[in-house]
Undergrad: 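Can you read through this structure? Questions will come right after.
Each chain gets a letter, A, B and so on, in the order its sequence line appears, and its residues count up from 1.
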Amino acid sequence: MIRNKLRELLSKKFPEEKIIIDYVPKNKKGDYSTNLAFKIASRTGKNPLDVAKNIVQSINDPLIADTIIYPPGFINFIISKEFLLNCLLEPPEINLGTHKKILIEFVSVNPTGPINIVNARAAAIGNSLINVLKKTGFKAEAEYYINDQGRQTKLLAVSIKERINELTGIKPRIPEDGYHGEYLIELARELKALGISDIEKIREYAVNYFINEHKNTLKDFGVEFDNWVRESEIYQQGLVDKVLKILNDKGLTYKKDNALYFRATEFGDTEDRVIITSQGRHTYLLPDIAYHLDKLSRGYDRLINIWGPDHHGYIKRLIGGIRALGYPEEAITVIIVQEVKLKKGGGYVKMSKRAGTSTALDRLLKDIPKDVVRFFFLMRSCSQHLDFDLDLAREESEDNPVYYIQYAYARIRSIIRFAEEKGLKCPPHPELSLINKEEELNLLKSIVRFPEVLEDIVRNLDPYPITYYLIDLARNFHYFYQKHRVVGDDKELSYARLFLVNKASRIIADGLNLIGVSCPERM
RNA sequence: GCGCCUGUAGCUCAACAGGAUAGAGCAACGGAUUUCUAAUCCGUAGGUUGGGGGUUCGAUUCCCUCCAGGCGCGCCA
């Protein structure tokens, strides 16, 4: 990675400074820049320009072809062409992770209804993040947690039972806080045909039904999980009782109004939280802490949870629970993915799972191609609210950045097919020094930046920059294509360019693969 | 009232860890192909970065405050 090489180079000279390497704006010369001179100047009271001159004089490395100082003190580096070309021949091994084990839990939709659009966004983000982590040397696993025990699945079963009654002509009386969605009618029909009417059996059947649905829908979306963990398993292992005992023994619980409270305020929460209700039921928090204890005991270096915006208030109490068990706060990172609002006909589509008006992922995928949905979800950072305009996504599917990128790939594949028809087969070590044109070098620089984008993603745990990078890479290819021919009379030059564009196509394929978008050979 | 997120071009969004003349796409207008895919490319136009203050050599970025919007604040998950 060039950026890291520069950083290391400067760090050796200035070990006490925090070195920041930036890209250079288009209207300035150079490839990378540093603000190091400003930092030193402000600390020593010297003129940044003079400091910059001193820094430049003290640096000498084959990586750097030239340096330019811009007032008031920017130092810009021009990377040597030989070095850039060498990156094509020997792509750097990207290893940020040193094989650390990371567990990412995401989606974890309750088995009471379809996967909604916010869960789908989390699925796209989590899956892409895991792909990037794996690519950069981590051992990353995807986990899905199933709440198959609580009050919600009971309510679901009751709601279904009412729907079954409805099928036999009895007016359904679905509880007010039950599930009113019409998607349960189909399930009721199935259960009626099977003759299942016992409420516990209904629950079991329905839970399995939804888990299966979720698995299939997510598979269609290109998202698979390594582990599916059920809340009931956590109970069976006795972990819930164990957590309860630890909390009691540590004096971190107390009774009030006949309910049992966890002293969450001692761990940074705004109030103490009920863990056992006055009715004797566990609130979700207790098994949730137990579940995270289970995760921690499985030997991961880091846990990451991806949650929807409505859960942000639970971060403190969960981490509080984990801390109460003796784990450090840093053991878990919670990423909040902001909401998705569906737009249709100029207005927003209202969503509520219990009322059954949520827009489900499977229905969305019937409307909009998977590639477009996944790409759109990744075009915003997690913390951005996302407006998904259904009409626009359909109408503008022709004008989509996804197709812009895929088209660049298909074009390159076409060129390579054309070259092969002409009998040109690129040798493993073409004369790359023939690559000199501005458009060629821009494409080359764009290719070489790929690992740096991955590094940013890992640092921020947010995969969205990859979409912008791929658009930029595709653009650099399209510019190049417009100005220069790959296959021409000059055989050596053709080989060099074939090598370059082939490399670009491989990076595009890699990048799209990381975000679960397909990469067609022809368009 | 408290907490989280957001406010940048007509629209949807970028700006990587505080950097340089704030960039793309869409929409509008004008152009480019007898040669490897026109789902492409070139050009024109479009901005008081919600308002105000502060820190800094430098703020879209950090801090304070106000305004506007979304979400959450249960002995539901």
Side-chain angles (χ1 to χ4, degrees), chain A residues 3 18 20-28 33-35 38 41-42 47-48 70-74 76 108 110 112 147 150-153 155 177 231 256-261 270-271 273-285 288 308-316 336 338-339 341 376 379-387 389 392 396-404 406-408 410-419 421-422 452-453 455-457 459-460 464-465 467-469 471-472 474-475 477-479 481-488 494 497-498 501 522-523:
Chain A
R3 195 172 58 182
K18 188 187 174 196
I20 291 176
I21 306 289
D22 280 316
Y23 299 115
V24 170
K26 274 181 193 152
N27 50 16
K28 296 286 186 295
S33 77
T34 180
N35 61 355
F38 294 113
S42 78
N47 181 341
Y70 276 96
F74 294 100
N76 290 13
S108 297
N110 282 353
T112 54
N147 288 102
R151 211 169 83 87
Q152 297 305 322
T153 50
L155 269 172
D177 53 352
E231 187 183 0
K256 191 179 119 190
D257 303 333
N258 218 21
L260 191 71
Y261 281 75
T270 49
E271 46 194 291
R273 305 293 173 177
V274 172
I275 48 176
I276 298 180
T277 71
S278 53
Q279 310 291 311
R281 277 200 314 257
H282 294 168
T283 63
Y284 80 96
L285 181 59
D288 235 31
D310 50 336
H311 282 64
H312 93 262
Y314 305 118
I315 297 175
K316 283 213 166 127
I336 294 292
Q338 285 298 326
E339 67 180 305
K341 282 188 291 180
F376 268 48
M379 279 189 72
R380 310 270 178 277
S381 72
C382 294
S383 62
Q384 279 279 351
H385 299 218
L386 184 140
D387 276 359
D389 192 321
L392 216 66
E396 288 186 357
S397 61
E398 298 263 317
D399 265 324
N400 213 290
V402 189
Y403 299 128
Y404 184 82
Q406 290 177 329
Y407 185 56
R411 257 184 160 177
I412 294 171
R413 302 310 300 168
S414 169
I415 292 169
I416 290 167
R417 284 194 299 269
F418 179 81
E421 280 166 27
K422 292 250 167 186
E452 297 169 2
V453 175
E455 187 194 31
D456 288 341
I457 290 170
R459 188 181 56 239
N460 298 321
Y464 83 96
T467 55
Y468 290 94
Y469 167 74
I471 291 169
D472 188 61
R475 178 174 297 126
F477 166 73
H478 287 309
Y479 288 172
Y481 179 89
Q482 209 68 25
K483 276 220 163 169
H484 307 287
R485 279 187 65 82
V486 174
V487 179
S494 299
R497 285 180 172 168
L498 272 172
V501 298
R522 295 165 205 269
M523 283 176 81

Undergrad: Please produce a list of atom pairs where a protein N or O lies less than 3.5 Å from an N or O of nucleotides 41-43 of chain B.
TA:
unit_1 : atom_1 : unit_2  : atom_2 : d
C41(B) : OP1    : Y404(A) : OH     : 2.3
C41(B) : O4'    : Q482(A) : OE1    : 3.2
C42(B) : OP1    : Y479(A) : OH     : 3.4

Undergrad: Does A39(B) have OP1 or OP2 sitting under 4.0 Å from an N or O in the side chain of Y481(A)?
TA: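 Answer no for this pair, as no side-chain N or O of Y481(A) is under 4.0 Å from OP1 or OP2.
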Undergrad: Quick check: any donor-acceptor pair below 3.5 Å linking the side-chain of E339(A) to the base of C71(B)?
TA: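 Result: no qualifying N/O pair found.
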Undergrad: Side-chain N or O of K26(A) versus OP1/OP2 of A24(B): is the shortest distance under 4.0 Å?
TA: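 Checking A24(B) against K26(A), a side-chain N or O does come within under 4.0 Å of OP1 or OP2.
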Undergrad: Would you say R497(A)'s side chain and R485(A)'s backbone share a donor-acceptor pair under 3.5 angstrom?
TA: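 Pair found, side chain donor or acceptor close to backbone of R485(A).
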Undergrad: Between T277(A) and Y23(A), who's closer to the 5' end of RNA chain B by nearest nucleotide?
TA: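 Final value for this comparison: Y23(A).
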Undergrad: With nearest nucleotides of RNA chain B determined for Y261(A) and I20(A) from heavy-atom distances, which residue corresponds to the more 5′ nucleotide?
TA: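 Looking at the nearest nucleotide for each, I20(A) comes out on the 5' side.
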Undergrad: Ignoring hydrogens and angles, tell me if any N or O in the side chain of S494(A) forms a donor-acceptor pair with the backbone of G488(A) under 3.5 Å.
TA: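 Yes, because the side chain of S494(A) sits within donor-acceptor range (under 3.5 Å) of the backbone of G488(A).
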Undergrad: Just N and O in the side chain of Y403(A): are any of them under 4.0 Å from OP1 or OP2 of A39(B)?
TA: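 Answer no for this pair, as no side-chain N or O of Y403(A) is under 4.0 Å from OP1 or OP2.
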Undergrad: Between C1' on G23(B) and OH on Y469(A), what's the gap in Å once rounded to a whole number?
TA: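 Checked: the OH to C1' distance equals 19 Å.
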Undergrad: Can a donor-acceptor pair under 3.5 Å be found between the side-chain atoms of H312(A) and the base atoms of G3(B)?
TA: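 Side chain to base: pair present.
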Undergrad: Judged by atom type as modelled, is there a donor-acceptor pair below 3.5 Å linking the side chain of S33(A) to the main-chain atoms of F74(A)?
TA: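 No, the answer is negative, given that no donor and acceptor are paired below the 3.5 Å cut-off.
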Undergrad: Measure CG/L386(A) against C1'/C5(B) and give the value in whole Å, please.
TA: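 Answer to the nearest Å: 13 Å.
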Undergrad: Report the nucleotide, chosen from C71(B), A15(B), C76(B), that has the shortest atom-to-atom distance to any side-chain atom of R281(A).
TA: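 Of C71(B), A15(B), C76(B), C76(B) is nearest to the side chain of R281(A).
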Undergrad: T112(A) side chain to T153(A) main-chain N or O, any donor-acceptor pair under 3.5 Å?
TA: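 It does not hold such a pair.
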Undergrad: For nucleotides C5(B) and G58(B), find the distance between their C1' atoms and express it as a whole number of Å.
TA: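 The same atom, C1', in both gives a distance of 28 Å.
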Undergrad: Round to a whole Å and report the spacing from CZ of R151(A) to C1' of C75(B).
TA: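 Nearest whole value for this atom pair: 10 Å.
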Undergrad: Establish, from distance only, whether the side-chain atoms of Q152(A) and N110(A) form a donor-acceptor pair under 3.5 Å.
TA: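 Distance-only check fails for Q152(A) and N110(A).
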Undergrad: Donor-acceptor pair under 3.5 Å: do we get one between N76(A)'s side chain and the base of A20(B)?
TA: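 Result: at least one qualifying N/O pair found.
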Undergrad: Can you tell me how far C1' in A17(B) sits from the matching atom in U12(B), rounded to whole Å?
TA: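 Taking atom C1' in both A17(B) and U12(B), they lie 27 Å apart.
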Undergrad: Under 4.0 Å between a side-chain N/O of N460(A) and OP1 or OP2 of A17(B), yes or no?
TA: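 Answer yes for this pair, as a side-chain N or O of N460(A) is under 4.0 Å from OP1 or OP2.
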Undergrad: Answer yes or no on whether R411(A) is positioned over the face of Y481(A), meaning its NZ or CZ is under 6.0 Å from the six-membered ring centre and within 45° of the axis.
TA: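 Yes, R411(A) sits over the ring of Y481(A).
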Undergrad: Salt bridge or not for D22(A) and R3(A), using N-O below 4.0 Å?
TA: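 Salt bridge absent between D22(A) and R3(A).
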Undergrad: What distance separates D310(A) CG from I336(A) CD1, expressed to the nearest 0.5 Å?
TA: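 Result: 8.0 Å between the selected atoms.
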Undergrad: When rounded to the nearest Å, what value does the distance between C1' atoms of U6(B) and A20(B) take?
TA: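 Their C1' atoms lie roughly 28 Å apart.
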Undergrad: Between A24(B) and A45(B), how many Å separate the two C1' atoms, rounded to a whole number?
TA: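 Nearest-Å result for A24(B) against A45(B) at atom C1': 16 Å.
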Undergrad: What is the distance from NZ of K341(A) to P of C5(B), rounded to the nearest Å?
TA: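 In whole Å, C5(B) P and K341(A) NZ are 17 Å from each other.
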Undergrad: Between atom CZ in R459(A) and atom C1' in A17(B), what is the gap in whole Å?
TA: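 The answer, rounded to whole Å, is 6 Å.
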Undergrad: Between A24(B) atom C1' and D472(A) atom CG, what is the distance in whole Å?
TA: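 Atom CG in D472(A) sits about 10 Å away from atom C1' in A24(B).
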Undergrad: Determine: side-chain N/O of Y468(A) to OP1/OP2 of G25(B), distance under 4.0 Å, yes or no.
TA: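 Y468(A) to G25(B) OP1/OP2: no side-chain N or O under 4.0 Å.
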Undergrad: Considering only the P atoms, how many Å lie between A15(B) and G7(B), rounded to the nearest integer?
TA: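 It works out to 11 Å between them.
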Undergrad: Rounded to the nearest 0.5 Å, what separation is found between the CZ atom of R281(A) and the CD1 atom of I275(A)?
TA: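 If I round to the nearest 0.5 Å, the distance is 15.0 Å.
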Undergrad: Rounded to whole angstrom, note down the P distance from A22(B) over to C67(B).
TA: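 Their P atoms lie roughly 31 Å apart.
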Undergrad: Do Y284(A) and E231(A) have side-chain N/O donor and acceptor atoms under 3.5 Å apart?
TA: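 There is no such pair (donor and acceptor under 3.5 Å, judged by atom type) between the side chains of Y284(A) and E231(A).
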Undergrad: Taking CD1 from I412(A) and C1' from A39(B), how many angstroms apart are they, rounded to a whole number?
TA: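 Atom-to-atom, I412(A) to A39(B), this comes out as 15 Å.
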Undergrad: Check whether N460(A) reaches the backbone of D456(A) with its side chain - one donor and one acceptor, N or O, closer than 3.5 Å.
TA: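 Such a contact is found between N460(A) side chain and D456(A) backbone.
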Undergrad: Measure from the side-chain heavy atoms of K18(A) and tell me the nearest of A17(B), C71(B), A14(B).
TA: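 That would be A17(B).
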Undergrad: Can you check whether V402(A)'s main-chain N or O pairs, donor with acceptor, with N400(A)'s side chain at less than 3.5 Å?
TA: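 The answer is yes, because a donor-acceptor pair under 3.5 Å joins these two groups.
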Undergrad: Considering only G70(B), U12(B), A14(B), which nucleotide approaches the side chain of Q384(A) most closely?
TA: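 Per side-chain heavy atoms of Q384(A), the pick is A14(B).
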Undergrad: Are the ring of F74(A) and the six-membered base ring of A20(B) within the stacking cut-offs of under 5.5 Å and under 30°?
TA: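 Answer is yes, a stack.
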Undergrad: What's the gap between U49(B) and A9(B) when it is taken at their P atoms, as a whole Å value?
TA: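 Between the two P atoms, the distance is 10 Å.
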Undergrad: Measure distances between side-chain N and O atoms of S278(A) and base N and O atoms of C75(B), and say whether any donor-acceptor pair falls under 3.5 Å.
TA: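 A donor-acceptor contact between them is present.
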Undergrad: Dot-bracket, RNA chain B: Watson-Crick or G-U, under 3.5 angstrom, [ ] crossing, | other strand?
TA: (((((((..((((.....[...)))).(((((.......))))).....(((((..]....))))))))))))....
Undergrad: C75(B) and U48(B): how far apart are their P atoms, nearest whole angstrom?
TA: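 Those two atoms are separated by 48 Å.
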Undergrad: Under 3.5 Å, is there any donor-acceptor pair linking the side chain of N35(A) to the base of G19(B)?
TA: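 Counting by modelled atom types and ignoring angles, a donor-acceptor contact under 3.5 Å is found here.
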Undergrad: Could you state the atom-to-atom distance from CD1 of I415(A) to P of U40(B) in whole Å?
TA: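 Nearest whole value for this atom pair: 15 Å.
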Undergrad: Which listed nucleotide (C4(B), A20(B), A14(B)) is nearest to the side chain of R380(A)?
TA: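 Closest nucleotide among those given: A14(B).
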